[in-house]
2 protein chains.
Amino acid sequence: MKSSIKEVAHLAGVSIATVSYVLNGTKKVRPETEKRVLDSVRKLNYHVNPLARNLRKGESKLIGFVVSDFSNYFFQEIALGIEKQLAKSGYRLLLMDSKEQKETEVDNIKNMLAGAVDALIIAPTSEDSSFLRLLLANNPMPVVFVDRRPEGYETDTVLATNETGAYDAVKTLIDKGHTQIAFLGSRLDSTMQERLNGYRRALEESSIPVNANYIRFGSHESVSQRSLRHGIVYHHTFDLISNYDITAIFSANNLATVGVYSCIKETNLKVPQDIAFITFDDSFWLTMTTPAIAAVAQNPEEMGKVAANLALEKLLDSQSFEEYSFQEIRISTQFILRGSI
Amino acid sequence: MKSSIKEVAHLAGVSIATVSYVLNGTKKVRPETEKRVLDSVRKLNYHVNPLARNLRKGESKLIGFVVSDFSNYFFQEIALGIEKQLAKSGYRLLLMDSKEQKETEVDNIKNMLAGAVDALIIAPTSEDSSFLRLLLANNPMPVVFVDRRPEGYETDTVLATNETGAYDAVKTLIDKGHTQIAFLGSRLDSTMQERLNGYRRALEESSIPVNANYIRFGSHESVSQRSLRHGIVYHHTFDLISNYDITAIFSANNLATVGVYSCIKETNLKVPQDIAFITFDDSFWLTMTTPAIAAVAQNPEEMGKVAANLALEKLLDSQSFEEYSFQEIRISTQFILRGSI
DNA sequence: TCTTTTTGGTTATTCGTTTAAGTTAAAATT
DNA sequence: AATTTTAACTTAAACGAATAACCAAAAAGA
């Protein structure tokens, strides 16, 4: 069933080179000969073997995406964006999930580096990227980071405007008269730090003291959408609601939101009367709750697209230039007002 | 940077064959020689070129997944399951999204067939698989279908127990006293037909007449999680609520649920007092609504795992047997009682 | 001691392409 | 008519590994 170029050549009565030239249009061939070749191709149902082609050409037309937590819909949307963009350029997506585990991430990256991808997009499990620097050192492949910035490692990165987004959210709460605003995050990484900075700036600009008790994080270990429902964030929320005079909660990402909102629901607090609530990361389900939940929407699909573009761009550039400068691209967030504040 | 086996061999002072034998353990080598080779490997930071290896071995260690709609979280979970299972066996996932478009699906499948994957898992866009049969005819690659059965095409398929699941849901509604139960589906395909059969059986067993007006479907064209919120299903729901005496709605999949529930919310109907509501497909957000929404949970991750297993199994079998029998595996659904009924 | 077996390698072919470098006959130029 | 150019191919050498077939030296058996 799987026919090779050799058999096509034989059937058409030409050399394999001619078949290749016809198929790739890389050299002029007499129309008559071309027809014979094409007919043979059809008759044998021939398809090029990409392995052979890629081996020869030194490329695989494959882009790897090593994702920290593929069970999180935020990253699924990023993957969606990447796939969409790659498809347009004839590249394909090779996906590996690190399941928020560093060792798995290292394995995945090693696999990708050895594994014949032309470029690599990484949504890292943590900001500690010393091991990544080592791994990726003197590696000629374009590498793009998305969602989290690797510390001390110069490379292309696609991030949301975390600081501004958080600032917008908290500012809106303040404008509505809130001063006792809690910050709940799933865990403190570079991205979360930026959101915290936005939170701080909004408070400080309005001369509202920052209360360290109001700032809480979930575990630093592996977390998942599922386990968070009654996880550490849930308990922090419960503590804040029970023992502190907070009137509003800013949940700094979708993982935290699951914990925070589960708690708010179960304690039967009225939103926004008893407690105002706003979250980073939008999703369709935020309109299904009563009331609907206000959000700072990231655009993960766009982030994926941009990351893919960046990777492809570097791929083309790398032919001509050896050294290139690294970009940090920010995808802007969008404030979405809903009934929860 | 990218060193080949040749350079390793040269540095170690042996032939490339020896290097290969050491690396694969395919032949006995003197410990002393082995050490020299391994040292050279380390020194040159050598990694096998999978393209070359695969070309030679005639395999790619890649499994393709052509998914009908990757923006739907149901399929994202399937992908998750597939990836998990493949990772265990040293295979990797190549993902292509058909975006519910037949032409894209055909392109994707062609790409995969030509594209050096060892097996193919397909979540088809529609049940009309005549073109698939053609495409996959006399193709030696294992092909597994998931979520939808291709009509008139014999191959391995992984499906949920759709009939029973729907039956359970509707039976529960009947037991609660409902007789005017609507069936809302996103569109009528083989899977939806099975669910409709379950709905019918439950009604018939309780001698409740099946009212054709109560059975509605969304568009047959491409639909997405997003566009459905105010799409055709929404309008069907509105019509049913306004002009018919229904007391309960069974939403037959997650896409329909978005439309149905959006409508219920916006018309300010009390659930379950005014209208009881239950849906096929579970998701964490169903517990975030007020009240929480009862569901017939599929296990998409498990479906993905099983599909991956099936593909890998056939892959190994195909070495020894030329002809094998096709399996249809059903993953059982689970009824989850929540406040909406 | 002479033959046989085992050990530890090497050589050479193959996988299916692409492509640089040749080749030959026809067309164009002088 | 002799020479150069062009068109249309073909030949052969990669790409990087795996592996069957071969070989020399050492070990074992007789």
Side-chain angles (χ1 to χ4, degrees), chain A residues 1-38 40-41 44-62 90 111 113-118 140-141 319, chain B residues 1-38 40-41 44-62 90 111 113-118 140-141 319:
Chain A
M1 284 307 116
K2 46 169 64 179
S3 41
S4 78
I5 200 174
K6 205 181 257 174
E7 312 175 43
V8 174
H10 182 253
L11 181 61
V14 296
S15 74
I16 61 168
T18 303
V19 176
S20 176
Y21 291 137
V22 168
L23 260 32
N24 298 297
T26 30
K27 243 185 178 178
K28 271 223 124 12
V29 182
R30 203 156 17 117
E32 185 192 314
T33 315
E34 179 168 354
K35 191 183 172 325
R36 280 217 316 285
V37 170
L38 258 28
S40 307
V41 164
L44 294 172
N45 188 30
Y46 166 79
H47 292 282
V48 291
N49 178 334
L51 287 173
R53 159 178 290 169
N54 296 337
L55 171 60
R56 180 57 223 250
K57 291 195 144 193
E59 65 175 22
S60 67
K61 292 284 182 181
L62 245 44
N111 192 315
L113 289 179
V117 295
D118 293 344
M141 186 185 297
Q319 261 99 7
Chain B
M1 284 306 115
K2 46 169 65 180
S3 41
S4 77
I5 198 173
K6 205 180 257 177
E7 311 175 42
V8 174
H10 183 252
L11 181 61
V14 296
S15 72
I16 61 165
T18 303
V19 176
S20 176
Y21 292 137
V22 167
L23 260 33
N24 299 297
T26 29
K27 241 185 178 179
K28 270 224 125 11
V29 181
R30 198 152 25 111
E32 185 191 313
T33 315
E34 179 169 355
K35 190 182 172 325
R36 280 217 316 284
V37 170
L38 258 27
S40 306
V41 165
L44 294 172
N45 188 31
Y46 166 80
H47 293 281
V48 291
N49 178 334
L51 287 173
R53 158 178 292 172
N54 296 337
L55 171 59
R56 181 59 224 255
K57 291 195 144 193
E59 65 175 22
S60 67
K61 290 287 181 182
L62 243 45
N111 192 315
L113 289 179
V117 296
D118 293 343
M141 186 186 296
Q319 261 99 6

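The chains referred to below are lettered A, B, ... by the order of the sequence lines, with proteins before strands, and numbering in each begins at 1.
Residue A:Val14 is classed as a sugar-phosphate contact, given heavy-atom separations below 4.0 Å to backbone atoms only. B:Asn24 comes within 4.0 angstrom of sugar-phosphate atoms only, judged by non-hydrogen atoms across all strands, and of no base.
In this structure, the CG atom of A:Asn54 is 15 Å from the P atom of C:dG16, given to the nearest Å. Taking atom CD1 of residue A:Ile16 and atom P of nucleotide D:dA8, one finds them 21 Å apart after rounding to whole Å. Rounded to whole angstrom, the span from the CD atom of A:Glu59 across to the P atom of C:dT17 amounts to 15 Å. Rounded to an integer number of Å, the gap from B:Leu23 CG to D:dA17 C1' is 10 Å. As rounded to whole Å, 14 Å separates atom C1' of C:dG9 from atom CD of B:Glu34. Rounded to whole Å, atom P of C:dG16 lies 10 Å from atom CG of A:Leu51. Rounded to whole angstrom, the span from the CG atom of A:Leu55 across to the P atom of C:dT19 amounts to 12 Å. The CG-P distance, from B:Asn49 to D:dA14, rounds to 17 Å in whole Å.
At the phosphate of D:dA18, OP1 or OP2 sits under 4.0 Å from a side-chain N or O atom of B:Ser20.
Sequence order on DNA chain D of the closest nucleotides to A:Thr33 and B:Ser4 puts A:Thr33 first from the 5' end. Both B:Lys27 and B:Arg56 sit near DNA chain D, but only B:Arg56 has its closest nucleotide nearer the 5' end. Both B:Ala52 and B:Arg36 lie near DNA chain C, and the one whose nearest nucleotide falls closer to the 5' end is B:Arg36.
Picking from D:dA12, D:dA17, C:dT11 the nucleotide with the shortest atom distance to the side chain of B:Ser15 gives C:dT11. Closest to the side chain of B:Arg30, from the set C:dT17, C:dG9, D:dC9, is C:dG9. Comparing D:dA18, C:dT17, D:dA12 against the side chain of A:Ala17 picks out D:dA12 as the nearest.
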Task: Verdict with reasoning, B:Val29 to B:Thr18, per side chain to side chain contact (heavy atoms under 4.5 Å, CB included) - done: CA-CA 8 Å; B:Val29 181; B:Thr18 303; 4.3 Å; yes
Query raised in the report: So B:Val37 and B:Ser40, side chain to side chain contact (heavy atoms under 4.5 Å, CB included) or not? Walk me through it.
Result: CA-CA 5 Å; B:Val37 170; B:Ser40 306; 5.7 Å; no
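One cannot find a donor-acceptor pair under 3.5 Å joining the base of D:dA7 and the side-chain atoms of A:Tyr21.
From B:Arg56, atom CZ reaches atom CG of B:Leu51 across 15.5 Å, with rounding to the nearest 0.5 Å.
Screening B:Val22, B:Leu23, B:Val14 for a side-chain contact (heavy atoms from CB on, under 4.5 Å) with B:Glu34, the sole residue that qualifies is B:Val22.
Counting only distance, with no hydrogens or angles, the side chain of A:Asp118 and the backbone of A:Lys61 share a donor-acceptor pair below 3.5 Å.
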